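Notes follow the structure.
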Amino acid sequence: MSQLRVRFAPSPTGYLHIGGARTALFNYLLARKEQGCFVLRIEDTDVARSTEQSVEAILQAMQWLGLSCDEGPYYQSQRFPLYRDKVQAMLASGGAYRCYCTAEELEAKRQLAEQQKRKPKYDGTCRNRSEVPAGSPYVVRFHTPREGETCFADRIKGTICFQNQELDDLILQRSDGTPTYNFVVVVDDAEMGINLVIRGDDHINNTPRQILLYQALGYAVPEFAHVPMILGADQKRLSKRHGATSVMAYRDLGYLPEAMVNYLVRLGWSHGDQEIFSMEELIEMFSLDQVGRSAGVFNPEKLLWLNSHYIKTGDPQRLGDLLRDYLAALGHRCDDGPEPAEVVKTLQDRCKTMVEMAEQAVYYYRREVVFDAQAEAKFLTSAQQPVFAATLEQLSALNNWTAGGVEDALGRVMEETGLKFGKIAQPLRVALTGNTVSPSICEVMAVMGRDRSLARISRAAARLA
RNA sequence: GUCCCUAUCGUCUAGCCUGGCCCAGGACACCGGCCUUUCACGCCGGCGACGGGGGUUCGAAUCCCCCUGGGGACGCCA
């Protein structure tokens with residue numbers, strides 16, 4: 001059997017969204033699994049709406065997700081001569097014809113059809129037009145067969161058939177000479193040797209017309225796999241109304257790419273009861289056979305859970321590097337402060353996003369503690385004088401500055417003051433972090449270091465009121 | 001309106017092809033408890049679904065039909 005060739009073909013009219021990313025992921029996984037070829041093609045035939053920034057954004061998002069392609073990116077805007085030739089061939093063979101109907105006329109017909117509750121469909125006025133209005137602008141339409149039916153065996157949905165009479169004569173070339181999607185997608189998929197088209201199921205209706213086009217152009221028809229849509233919480237097609245739909249927006253929100261990949265793949269695909277998949281496992285296990293047929297609702301909560309899972313189990317060194325960036329976004333530098341990787345170790349169990357982690361790591365890197373007013377009022381009172389005095393005494397004498405060493409020292413403070421651990425931990429926590437919430441204060445001190453810890457406790461002791 | 005797709009807990013899903021192991025399993029969320037140095041994590045437990053109606057069969061979540069619900073397409077967008 002010949003090598004599998006799949007493709008992802010986004011149109012650069014915006015960022016890479018959740019749905020597109022999943023389609024790209026499925027293509028990528030299958031290509032890797034079958035040792036096939038993953039082609040990236042930019043569908044920018046709509047010159048007016050396509051932008052360079054969108055191309056950049058899509059490329060960047062794919063890279064972030066780790067979806068590298070084997071060929072491309074190809075740009076359709078650079079292949080116009082090819083399409084023009086194919087249109088000419090279609091015209092010459094009688095497979096296509098010029099249509100002089102104006103956009104206004106068509107719009108009027110469409111509205112009329114809708115009023116009469118008919119399917120709005122081109123009526124074929126110009127099919128057999130004899131007089132040719134010289135100099136008038138025209139589009140080129142596909143001469144769609146009206147008899148018979150067109151069927152295909154969808155790899156996900158099963159066999160799907162359409163009566164050809166339901167199809168209308170779609171436009172292959174606009175009046176400005178540029179080709180349209182349904183035409184170029186066929187020409188390119190065929191010319192690029194794509195033998196399996198994986199795409200959203202909103203394309204199912206286009207498929208029979210495209211099949212007819214493949215045949216009219218003398219190309220082999222590829223296989224199709226239509227992936228179900230992703231819906232918002234209200235069961236409507238996912239859109240900006242549902243919150244962040246841009247893949248990269250999730251990076252900015254503190255999500256890890258592996259969480260996004262894992263979430264996306266499980267939305268519509270499953271492997272028994274398994275929930276957590278590494279990219280390597282996915283490449284090994286992914287199969288179109290296990291892709292569901294019905295639309296799925298995007299569930300941000302589950303994505304968040306996966307993210308927390310990957311933060312929890314992630315390599316501290318790598319997370320530390322990322323933490324630097326998120327901290328920087330908050331306006332904090334890590335140069336003079338504890339190693340980010342060490343900070344990560346104290347925080348990775350308690351954060352669901354990297355943004356959260358950065359927010360909780362800020363006190364490690366601030367020069368001075370910023371006290372939460374309520375926390376200060378409650379825990380930094382003169383009544384704590386003995387606790388601070390004893391703690392300072394024990395800690396100053398401590399040689400073994402580790403979490404364990406600090407804990408032992410605080411144990412001696414407990415003996416000295418007769419207080420329970422909880423009673424001395426909270427005031428110290430406020431002294432060290434400015435707040436009442438943090439990791440174990442022993443760990444915090446170990447990571448923060450002797451000098452900074454002692455300085456903060458002293459400073460807090462001095463302002464007990 | 002026409003055509004196409006689709007239907008298991010609130011959500012993602014396993015099971016369906018090859019009926020009995022399913023008075024339906026897992027995960028997220030939610031609720032309760034335990035742990036505890038605050039907050040989390042973790043652990044234990046709970047809540048919760050085969051859309052409806054007809055068949056076929058000894059037996060149906062699983063097979064067939066109808067209905068209903070949901071989604072999509074119907075562009076000189078892709």
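Only a predicted model underlies this, so the values are computations on that prediction, with no experimental measurement involved. Below, each value reflects all heavy atoms present in this structure, side chains not excepted, and no hydrogens, waters or symmetry copies. Sequence lines set the chain letters: A, B, ... in the order given, protein chains first and strands last, and positions in each chain run from 1.
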Between A:Phe38 and A:Phe8, is the ring centre distance below 6.0 Å? no

At under 4.0 Å, does any side-chain N or O of A:Arg293 touch on OP1 or OP2 of B:A7? yes

Quick one: the side chain of A:Ser438 and the base of B:C39, do they pair up donor-acceptor inside 3.5 Å? no

When all nucleic acid strands are considered with a 4.0 Å heavy-atom cut-off, which category describes A:Arg49: base, sugar-phosphate, or nothing? base

Base-pairing assignment for B:G45 (Watson-Crick or G-U wobble, both under 3.5 Å): B:C31

Watson-Crick or G-U counterpart of B:C39, or none if no pair lies under 3.5 Å: none

Closest to the A:Arg110 side chain: B:G26, B:G75, B:A78? B:G75

Atom-pair distance (CG on A:Asn299; C1' on B:C30), nearest Å: 12 Å

Identified pairing partner of B:C3, criterion: Watson-Crick or G-U wobble below 3.5 Å: B:G72

I want to verify a distance call: between B:C76, B:A27, B:G71, whose nearest atom is closest to the A:Met229 side chain? B:G71

Aromatic ring proximity A:Tyr263/A:Phe298, centre distance under 6.0 Å: yes

Is the phosphate of B:G42 approached by A:Lys312 (side-chain N or O, under 4.0 Å from OP1 or OP2)? yes

Mind checking A:Val297 for me? I need base, sugar-phosphate or nothing, with any heavy atom below 4.0 Å counting as a touch. sugar-phosphate

5'-most by nearest nucleotide on RNA chain B - A:Ser270 or A:Lys157: A:Lys157

Could you tell me if A:Arg41 sits above the aromatic ring of A:Tyr74, with its cationic atom closer than 6.0 Å to the ring centre and no more than 45 degrees from the axis? no

So does A:Glu275 reach the base of B:G26 with its side chain, donor to acceptor, closer than 3.5 Å? yes

Determine whether the aromatic ring centres of A:Tyr181 and A:His203 lie less than 6.0 Å apart. yes

When all nucleic acid strands are considered with a 4.0 Å heavy-atom cut-off, which category describes A:Phe162: base, sugar-phosphate, or nothing? sugar-phosphate

Can you find an N or O donor on one side and an acceptor on the other, under 3.5 Å apart, linking the side chain of A:Arg429 with the base of B:U37? yes

Separation of B:U36 C1' from A:Asp349 CG (nearest whole Å): 14 Å

With sugar-phosphate meaning primed atoms plus P, OP1 and OP2, does A:Asp168 contact a base, only sugar-phosphate, or nothing at under 4.0 Å between heavy atoms? nothing

So A:His203, base contact, sugar-phosphate only, or nothing? Heavy-atom distance under 4.0 Å. base

Within the structure shown, what part of the strands sits under 4.0 Å from A:Ile441 by heavy-atom distance: base, sugar-phosphate, or nothing? base

Report which part of the nucleic acid A:Thr45 touches: base, sugar-phosphate, or nothing (heavy-atom distance under 4.0 Å, all strands). sugar-phosphate

Using a 4.0 Å heavy-atom cut-off across all strands, classify A:Lys423 as base, sugar-phosphate, or nothing. nothing

Would you mind telling me which of A:Ser438, A:Pro439, A:Cys351 makes a side chain to side chain contact (heavy atoms under 4.5 Å, CB included) with A:Gln360? A:Cys351

Does a side-chain N or O from A:Lys352 land closer than 4.0 Å to OP1 or OP2 of B:C41, or not? yes

Run the ring-centre check on A:Phe277 versus A:Trp269 and record whether the distance is less than 6.0 Å. yes

Between the base of B:G72 and the side chain of A:Asp201, is there a donor-acceptor distance below 3.5 Å? no

Specify the glycosidic conformation (syn or anti) of B:C41, with syn defined as within 90° of 0. syn

Confirm from the modelled atom types if A:Arg350 and B:C41 form a donor-acceptor pair under 3.5 Å, side chain to base only. no

Please classify the nucleic acid contact of A:Lys236 as base, sugar-phosphate, or nothing, using heavy-atom distances under 4.0 Å. sugar-phosphate

Closest-nucleotide 5' rank along RNA chain B - winner of A:Glu43 and A:Arg237: A:Arg237

